[in-house]
Amino acid sequence: MVAIRLTNTRTRQKEAFQPLDTQNVRLYLCGPTVYERAHLGNARPVLVFDVLVRLLHHVYGDAHVTYVRNFTDVDDKINARAAETGRPIRDITDETIGWYHDDMDALGALRPDHEPRATDYIAQMITMIEQLIRRGNAYDVEGHVLFDVRSFPQYGRLSGRSVDDMIAGARVEVAPYKRDPMDFVLWKPSDDTTPGWDSPWGYGRPGWHIECSAMSEALLGASFDIHGGGIDLQFPHHENEVAQSCCAHPEGSFANVWLHNEMLQVEGKKMSKSLGNFFTVRDLLDRGVAGEVIRFVMLSTHYRKPMDWTEAKANEARDTMWQWRLLVKDVEPAPAPSPEVVEAVANDLNTPGAIAVLHKLKDDPALLLASARFIGLLLDGDDGWMRQDFEVLDERADYQGFDEVLARLQSRLTEIRLQAMASKDFAELDRLKSALTEAGLEVRMSKAGIELFEGPATLQKRVVELAGDIGA
RNA sequence: GGCGGGUUGGCGGAGAGGUUACGCACCGGAUUGCAAAUCCGUGAAGACCGGUUCGAUUCCGGUACCCGCCUCCA
């Protein structure tokens, strides 16, 4: 049995992972608020959990893992988007969920077993809020229901803060109806312009945090194994989830292991709209950066370290994936991944370490393939990007007969070369070769002859023109 | 102000208290009409200051710098 170790944010230590039930390992990832395309940062926790789920499948069996990732489809940002565009909320959320699926599929991420939408769990949220009120952990006032943080002594433990310190920081919203400035909303009133549901506290809608508490309980129970998301969710979102769930179900432990990934940067800076370096997964895909190349870059930095997305990394990843793709062409995967790769992933999801092992498997393409697939790379059918240009789509048409062009070009070049070798005048040949090289074609000349290889940046159109110039 | 993360060779990026990370780049050799590709090989590190230790880049403390969170942003 592979020994999985994970760094648990709750204890701040790397621990041996021990599922509550090896027949049903349960994990929950906080999913997106669905009002716009997923940005690149949104992809990181998805890929971290994807690798984790693949590992758990490997160790405990596909049928013994339950993976839940929610869609937050009730939110003031969505309301704002609806107001701006005049579109119905459901249209916006449905469309965004479709996009999300498309984009995460393109990254090779497995669909979770359950993808609950918050709006389908309003009844469970109301039930949980009622429990919290009954137990003295929440109170309703002026149509709002608030969680009373002072009623939960452990509040702040997950994120390593104390209520008093945070209040001293004084960034909390001061509302007159709050008993304590840190109290957070479980339910709030809605008006005609905002979506709402009938509740014991009037027509209204849930606060952000309660949905994850309600949905994780409904689908995974009051105790489950792993909960995660970006480190920015540690506070307040996850802290508040802990408070809600543990107070509503003192008999449960909620999540045993908390997994948080560090944030994403772009060229050394925080990704933000104001800096102009904000982009979505779809933006990259549309630019021709393949999903598995994005994935490779993401996995080449450990999840607990800040990940810096750079153009240089994307290019290097593309070259590596190209090379691997050529190596495993027409190769059947080995029956099992390399134990070394599994071990690296089992060691707190050390994907950079796993990739280092993959580099060493180049002599064994079948094992390389099986091992790469273990972390979601070189997946079957994901090689379509090799037929597209990376950055210069417009200069490269999709020539159906490009392989034939290459074959003709090769034999014509061979003739020219033979002449050159006879006449000792290589000027023309060298000129042709450098032109082809500049067009992104790899030209290998050996005693055996000339071989031409298409590369990730080959400009097919240019190559075809050059071939025509010399009558190939 | 509070909390947390980071600082490794030219670049990217890991593990491990003592033995080659790995990739890219570079350099040398084989090979080549010249190259490319391939193969072989060399060199190169752990912000700074202390401490623990026979020995630390790896543990502990401090300093500097960078970054994130504390604002329903992953």
Side-chain angles (χ1 to χ4, degrees), chain A residues 9 12 29-33 38-49 72 74-78 156 159-162 164-173 182 184-185 188 206-211 228-240 260-265 268-273 278 296-297 299-308 310 312-313 315-317 319-320 323 343-344 347-348 350-360 362 417 420-427 429-430 433-434 436-437 441-447 450-453 455:
Chain A
T9 310
R12 279 142 226 278
L29 174 65
C30 285
T33 300
H39 65 249
L40 191 60
N42 294 123
R44 175 118 105 139
V46 172
L47 291 174
V48 169
F49 263 64
T72 298
V74 50
D75 180 280
D76 287 349
K77 286 196 295 291
I78 303 172
S159 53
R161 308 154 192 250
S162 77
D164 293 328
D165 286 348
M166 286 186 283
I167 291 170
R171 283 250 217 147
V172 289
E173 179 193 356
M182 291 308 296
F184 58 90
V185 171
K188 55 190 168 186
W208 175 35
H209 316 292
I210 193 70
E211 60 174 274
I231 189 68
D232 56 331
L233 291 184
Q234 185 184 28
F235 188 89
H237 185 53
H238 289 159
E239 191 71 58
N240 292 353
H260 288 108
N261 61 275
E262 255 294 341
M263 308 303 282
L264 178 118
Q265 299 183 320
K269 296 199 173 93
K270 177 181 169 134
M271 182 166 82
S272 72
K273 287 174 179 167
F278 181 96
F296 186 103
V297 174
L299 298 186
S300 65
T301 294
H302 188 88
Y303 77 93
R304 284 193 296 107
K305 287 200 173 180
M307 147 96 230
D308 191 15
T310 65
K313 281 184 187 177
N315 289 335
E316 194 176 313
D319 290 347
T320 300
Q323 186 188 35
E343 169 54 28
N347 180 17
D348 200 24
N350 184 3
T351 50
I355 288 173
V357 177
L358 293 180
H359 281 296
K360 292 195 272 188
K362 280 187 263 191
R417 183 174 183 233
M421 290 174 88
S423 68
K424 302 289 179 199
D425 179 5
F426 294 96
L429 181 65
D430 285 344
K433 191 184 73 181
S434 49
L436 290 168
T437 304
L441 204 64
E442 191 184 302
V443 181
R444 298 185 194 172
M445 295 185 183
S446 68
K447 278 179 188 159
I450 293 178
E451 286 182 289
L452 302 175
F453 291 89

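Order of the sequence lines fixes the chain letters, A, B, ..., with proteins taken first and strands second; residue numbering starts at 1 for each chain. Since the model is a prediction, treat every value here as computed from it, not as a measurement. Both backbone and side-chain heavy atoms feed into the values below; hydrogens, waters and symmetry mates do not.
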*Return one dot-bracket line describing RNA chain B 5' to 3' (Watson-Crick or G-U wobble pairs, both distances under 3.5 Å; ( ) same strand, [ ] crossing, | another strand, . none).*
(((((((..(((.....[...)))..((((.......)))).....(((((..]....))))))))))))....
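Contact between A:Gly228 and A:Leu29 at its shortest, heavy atoms only, is O-CD1, 3.5 Å. Among all heavy-atom pairs drawn from A:Gly41 and A:Met271, the shortest one is N-CE, 3.8 Å. Taking all atoms of both residues into account, the shortest heavy-atom contact from A:Asp308 to A:Lys313 is O-NZ, 2.8 Å. Residues A:Gly230 and A:Pro45 share a closest heavy-atom pair of N-CB, 4.4 Å. Looking at every heavy atom in both residues, A:Phe49 comes nearest to A:Gly229 through CE1-N, 4.4 Å. Residues A:Ile450 and A:Arg417 share a closest heavy-atom pair of CD1-CD, 3.8 Å.
An anti orientation is assigned to B:rG6, its glycosidic angle lying beyond 90° of 0.
Rounded to a whole angstrom, the distance from the P atom of B:rC3 to that of B:rU71 is 15 Å. B:rU31 and B:rG23 are spaced 24 Å apart, taking the C1' atom of each and rounding to whole Å. Spacing of P atoms, B:rA47 relative to B:rG6, comes out at 13 Å, to the nearest Å. The separation of B:rG46 from B:rC59, taken at their C1' atoms, amounts to 15 Å, rounded to a whole angstrom. Between B:rG9 and B:rU42, the distance separating the two C1' atoms is 14 Å to the nearest Å. Across B:rA16 and B:rA56, the matching C1' atoms stand 11 Å from one another, rounded to whole Å. Taking atom C1' on both B:rA25 and B:rA44, the two are 12 Å apart, rounded to the nearest angstrom. Nucleotides B:rG5 and B:rU63, compared at atom P, are 16 Å apart to the nearest Å.
Closest to the side chain of A:Asn347, out of B:rG15, B:rG33, B:rC22, is B:rG15. When each of B:rC67, B:rA21, B:rG5 is scored by its nearest atom to the side-chain atoms of A:Gln265, the top-ranked nucleotide is B:rC67. Listed candidates were B:rA37, B:rG33, B:rA74. Nearest to the side chain of A:Arg444 is B:rA37. Comparing B:rC67, B:rC34, B:rA21 by their nearest atom to the side chain of A:Asp430 picks out B:rC34. With B:rG4, B:rA74, B:rA36 as the candidates, the nucleotide lying closest to the side chain of A:Pro45 is B:rA74. Side-chain atoms of A:His39 lie closest to B:rA74 of the nucleotides B:rA74, B:rA36, B:rG5. The side chain of A:Glu442 lies closest to B:rA37, out of B:rA14, B:rA37, B:rA74.
For A:His260 and B:rA74, a side-chain-to-base donor-acceptor distance below 3.5 Å is absent, hydrogens and geometry of angles not being considered.
Nucleic acid contact class of A:Ser159 (heavy atoms, under 4.0 Å, all strands): sugar-phosphate only. As judged by a 4.0 angstrom heavy-atom cut-off over every strand, A:Met421 is placed among residues touching the sugar-phosphate backbone only. Residue A:Gly41 is classed as a base contact, given a heavy-atom separation below 4.0 Å to a base. Residue contacts shown for A:Leu264 include a base, since a base heavy atom lies under 4.0 Å away. The residue A:Leu29 sits apart from the nucleic acid: no heavy atom pair falls under 4.0 Å. Among the protein residues, A:Arg44 comes within range of no part of the nucleic acid, since none of its heavy atoms lies under 4.0 Å from any strand. Residue-level contact check: A:Gln234 touches neither bases nor backbone, having no heavy atom under 4.0 Å from any strand.
A:Phe453 contributes atom CZ, which lies 4.0 Å from atom CZ of A:Arg444 (distance to the nearest 0.5 angstrom). The distance from atom CG of A:Asp232 to atom CE of A:Met263, rounded to the nearest 0.5 Å, is 3.5 Å. The CG atom of A:Leu233 sits 11.0 Å away from the OG1 atom of A:Thr9 when rounded to the nearest 0.5 Å.
Of the possible donor and acceptor atoms, one in the side chain of A:Asn42 sits under 3.5 Å from a partner among the backbone N and O of A:His39.
Listed by chain and residue number, A:Tyr155, A:His209 satisfy the side-chain hydrogen bond (donor to acceptor under 3.5 Å, both in side chains) test with A:Asn240 (two or more places apart in sequence, or in another chain). Applying the side-chain hydrogen bond (donor to acceptor under 3.5 Å, both in side chains) rule to A:Glu211 yields the partners A:Asn70, A:Thr72; only residues at least two apart in sequence or on another chain are considered. Checked against side-chain hydrogen bond (donor to acceptor under 3.5 Å, both in side chains), A:Asn350 has no partners two or more places apart in sequence or in another chain.
The aromatic ring of A:Phe426 sits over the base of B:rG33, with ring centres less than 5.5 Å apart and planes tilted by under 30°.
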Between the protein and nucleotides 6-12 of chain B, which nitrogen or oxygen pairs come in under 3.5 angstrom?
from	atom 1	to	atom 2	distance (Å)
B:rU7	OP1	A:Lys305	NZ	3.0
B:rG12	O3'	A:Lys313	NZ	3.3

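Residues A:Asp232 and A:His359 each lie close to RNA chain B; by heavy-atom proximity, the contact nearer the 5' end of the strand is made by A:His359. Nearer the 5' end of RNA chain B, as judged by each residue's closest nucleotide, is the contact made by A:Lys433, out of A:Lys433 and A:Pro206.
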*Could you run down nucleotides 38-48 of chain B 5' to 3' and tag each one B, S or - for protein heavy-atom contact under 4.0 Å?*
S----------
